[in-house]
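Report on the structure given below.
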Amino acid sequence: MKKSELQLMELKYLKSLANQYPDIASASTEIINLQAILNLPKGTEHFMTDIHGEYEQFNHVLKNGSGAVRRKIDEEFGNTLSNKDKKSLATLIYYPREKLDIVEREEENIEDWYKITLHRLVQITKRVASKYTRSKVRKAMPKEFSYIIEELITEKFDISDKEGYYNEIIHTIIRIGRAPEFIETLSNLIQRLVIDHLHIVGDIFDRGPGPHIVMDTLVHYHSVDIQWGNHDIVWMGAACGHLPCIATVLRIAARYGNLDTLEDGYGINLIPLATFALDKYQDVDCSAFAVRYNTDYNTKDLSLDMKIHKAITILQLKLEGQVIKRHPEFEMDDRLLLDKIDFEKKTVLINGQEYPMRDTDFPTVNPADPYSLTADEEQMMERLRHAFLKCEKLQRHVRFLYTNGGLYKVHNSNLLYHGCMPLDEDGNFKSVNIDGKKYRGRELYDVLDNYARKGYYSKNDPAGMRRAQDYIWYIWTGPNSPVFGKDKMATFESYFVEDKEVGKETKNNYYSLLDKEDVVDRILEEFGLDAEKSHIINGHVPVERKKGETPIKCGGKLLIIDGGFSKAYQGKTGIAGYTLISDSHGMRLVAHEPFESMEAAISRESDIFSDSTSVEIAPVRIRVADTDSGTDLKDRIIQLERLLRAYRDGTIVEK
């Protein structure tokens, strides 16, 4: 591009900017404002992963900011408050409405309690608001109380001339009966300001009973991004209407006793599936299809759910077989096992070796054409497809995942992805065949991200959309998928083959090379990051702390923060999840103990015990100027300074 063309483009941009800042005064004010923001402390980032529908624990950790709220209380009050009073104040901030109900029933002098509590909450609000501009704090406030809160937190209480003024505000709030609402408002504002931004590093769905509740929370959260996990991807595929993904979502729900999540949480009608299972599997042995109970599971439905579990598993294996046959580039022929069954001998041929099967009672499988669906199966699956496509709540949640998510994110010198970078045994990026072309490294992530979006959005290209949906399924379970990261998903073997060795799933080489600095550095550099100053943050594979495993890899350059939010994993990991906090002082890894219940947290003030470990301590406090948003602000300042020069030399006329 010629110099004159560049100058014309710049002038056009400056004229556009002048519409927003029409004179020297307004442009100058904005420069001063942005320059000041650059020197504020960096906002706190909160990282969570592998939530797996455990909504109560998720909500509690979200509310307490992985211990950040309690740390602010300790910083503000030190030894001037007892530990008991600090616990009570923290519980009130987490669950203001519920805690107020208890206090108002039990407290003898409620007005004194209101007065003391309001003063304490105002002090904490001042502390957590101190690292933000007044404008940002104001935007976080509800309009109803914004003027009063701003008055209370932006002036010093030790100024004697105004002490009576502040006390009168609080006295009047109590006198006119608005103290409960004001306490709830301040508590929610503290939660809002303690965490500036939330990162969900994958796997919101499956296993636990409340992924829909987690999603409802995230949809309304003030600032969040999501790196899709394999369990999120399969729900996204189901929302696209992809039958193998729908069957997988239903199978996992049946296995973990969570069909209610689909029926009650999302309003998806499962009567066609239940009717089909009762009809076709009425007198069929379903003993291999036990249900793993969650805490709310009603065992009166156990017999039916086992039939549903078996029926949908067979359907999943059929539908997956059809996809694998359509896509030889997936290199997943080893997953075609229905056609390897000898029904007379009750054996299956896997990798050239014959294994006895614990169950071959498959009334809907035609041995001559095992991957074909019966007419009843086709009709039932079509009804389920329609139910998933027309489920407004599911579609809203999945659109949120697409809008606010992706397979990876580069943010503030951190590389976030759920699973892994596919590597060969030497630690080199593995080349993967995607639709006839080889991709590796970041390009592999990008092309799969693109296919995931086409599978949902390309409604004007039905054939391309269907092909892209097959790739969504591949992202869920493919041997070279970066969010799966294993050689196979041994669904067939886990149900039907007694020999556990044949169903062993081998992790990608990535997981054995996590402490190789040259490998980790190569991954960081592939995504444009400085390997000396950056980190990889991922989840997916639970860290078994009870066996001595650590989530901190490669001297702190790589962090695996899946420690078992899901109750299904807690016996294996020994804890109930890791989270990560990154603030202006550095990075802190938090290991959580199992969460009992919201009721216990409120009535007994039993906060989750969290073991906190510093991963990195900043030698100098990190400022906004050191972040990605700081880079954007600096660019904005440069453009505004050019606008100032244009005003001053007459190139652009002030309005």
Side-chain angles (χ1 to χ4, degrees), residues 38 42-43 45 47 49 196-202 223-229 402-424 426-432 434 437-453 475 480-483 485 508-510 513-540 552-561 580 582 586-587 615-616 618 622-639:
L38 289 173
K42 166 191 175 295
E45 298 172 68
F47 300 79
T49 186
D196 190 44
H197 186 77
L198 176 65
H199 304 280
I200 302 295
V201 195
S223 183
V224 61
D225 60 66
I226 299 158
Q227 291 70 59
W228 306 325
Y402 276 108
T403 303
N404 294 274
L407 283 178
Y408 70 92
K409 186 175 183 65
V410 176
H411 187 78
N412 289 345
S413 297
N414 294 314
L415 171 59
L416 284 61
Y417 51 67
H418 177 70
C420 70
M421 171 61 75
L423 303 173
D424 66 19
D426 297 319
N428 300 310
F429 299 145
K430 194 169 184 180
S431 289
V432 181
I434 304 295
K437 186 178 176 182
K438 296 283 188 178
Y439 296 89
R440 58 197 292 277
R442 185 174 186 170
E443 284 188 343
L444 176 62
Y445 266 93
D446 287 336
V447 71
L448 290 176
D449 188 292
N450 188 34
Y451 270 101
R453 295 179 194 281
I475 297 169
N480 292 312
S481 164
V483 298
N508 184 266
N509 294 302
Y510 173 87
L513 298 168
L514 295 177
D515 284 311
K516 298 283 187 183
E517 192 165 5
D518 60 324
V519 172
V520 173
D521 287 354
R522 198 177 307 124
I523 296 171
L524 287 165
E525 288 162 2
E526 173 74 2
F527 288 85
L529 290 166
D530 183 344
E532 295 305 312
K533 301 177 182 177
S534 305
H535 310 85
I536 296 172
I537 300 166
N538 69 274
H540 187 50
I552 303 172
K553 308 291 184 183
C554 199
K557 284 190 174 184
L558 191 149
L559 302 160
I560 296 181
I561 58 170
L580 187 71
S582 174
M587 298 182 81
V615 176
E616 190 171 88
I622 304 167
R623 302 174 304 149
V624 172
D626 305 313
T627 67
D628 291 351
S629 62
T631 301
D632 294 339
L633 292 179
K634 290 173 191 174
D635 290 342
R636 183 76 165 173
I637 289 169
I638 289 169
Q639 296 304 323

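For reference, positions follow the sequence shown, starting with 1. Reckoned from all heavy atoms, side chains included, excluding hydrogens, waters and symmetry mates.
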- With no hydrogens and no angle check, is any side-chain donor or acceptor of S481 less than 3.5 Å from a backbone partner on I475? yes
- Task: Determine whether N412 and K42 make a side-chain contact, defined as any pair of heavy atoms from C-beta on separated by less than 4.5 Å.
- Result: yes
- Message: Minimum heavy-atom separation for I561 and T49, please, with both atom names.
- Response: O-CG2, 3.0 Å
- Of Y445, Y408, W228, which is the lone residue that meets ring pair (Phe, Tyr, Trp, His ring centres under 6.0 Å) with Y417? Y445
- Note on the structure: dist I537:CD1 -> L416:CG (nearest 0.5 Å) comes out at 5.0 Å
- Given the rule in the side chain to side chain contact (heavy atoms under 4.5 Å, CB included) test, do S629 and V624 qualify, once you have shown the distances and angles that lead to the verdict? CA-CA 7 Å; S629 62; V624 172; 4.1 Å; yes
- Return the minimal non-hydrogen interatomic distance between P482 and L444, and the atom names on each side. CD-CD2, 4.5 Å
- Pairwise side-chain contact, L580 with V201, heavy-atom cut-off 4.5 Å (strictly under): no
- Query: What distance do H535 atom NE2 and M587 atom CE have between them, rounded to the nearest 0.5 Å?
  - Reply: 5.0 Å
- To the nearest 0.5 angstrom, please state how far the NE2 atom of H411 sits from the OG1 atom of T627. 7.5 Å
- Note on the structure: Between G405 and R453, the two heavy atoms sitting closest are O-NH2, 2.8 Å
- Is it true that a side-chain atom of N509 and a backbone atom of G427 form a donor plus acceptor pair closer than 3.5 Å? no
- Message: Using 0.5 Å steps for rounding, measure from the CD atom of E517 to the CG atom of L524.
- Response: 10.0 Å
- Can you check whether R623 reaches L38 side chain to side chain, under 4.5 Å on heavy atoms? no
- Message: Between H197 and D225, is there a side-chain heavy-atom distance shorter than 4.5 Å?
- Response: yes
- Can you see which heavy atom on C420 is nearest to which on G485, and at what distance? SG-CA, 3.8 Å
- Query: Are any side-chain N or O atoms of D449 and backbone N or O atoms of G406, one a donor and one an acceptor, separated by less than 3.5 Å?
  - Reply: no
- Query: How far does CE of M421 sit from CG of N538, to the nearest 0.5 angstrom?
  - Reply: 11.0 Å
- Item | Main-chain N/O of D426 paired to D424 side chain as donor or acceptor, under 3.5 Å | yes
- Evaluate the criterion side chain to side chain contact (heavy atoms under 4.5 Å, CB included) for residue pair K553 and V520; output intermediate values, then yes/no. CA-CA 10 Å; K553 308 291 184 183; V520 173; over 6 Å; no
- Item | Considering all heavy atoms, the nearest S582-F47 contact | CB-CE1, 3.8 Å
- Note on the structure: Residue pairs passing the salt bridge (Lys or Arg N to Asp or Glu O under 4.0 Å) test with at least one member in residues 519-534, sequence neighbours excluded, are D518-R522, D521-K557, E532-K557
- Which atoms form the tightest heavy-atom contact between L514 and C554, and what is the distance? O-CB, 3.2 Å
- Note on the structure: Rounded to the nearest 0.5 angstrom, the CD1-CG distance for I552 and D515 is 11.0 Å
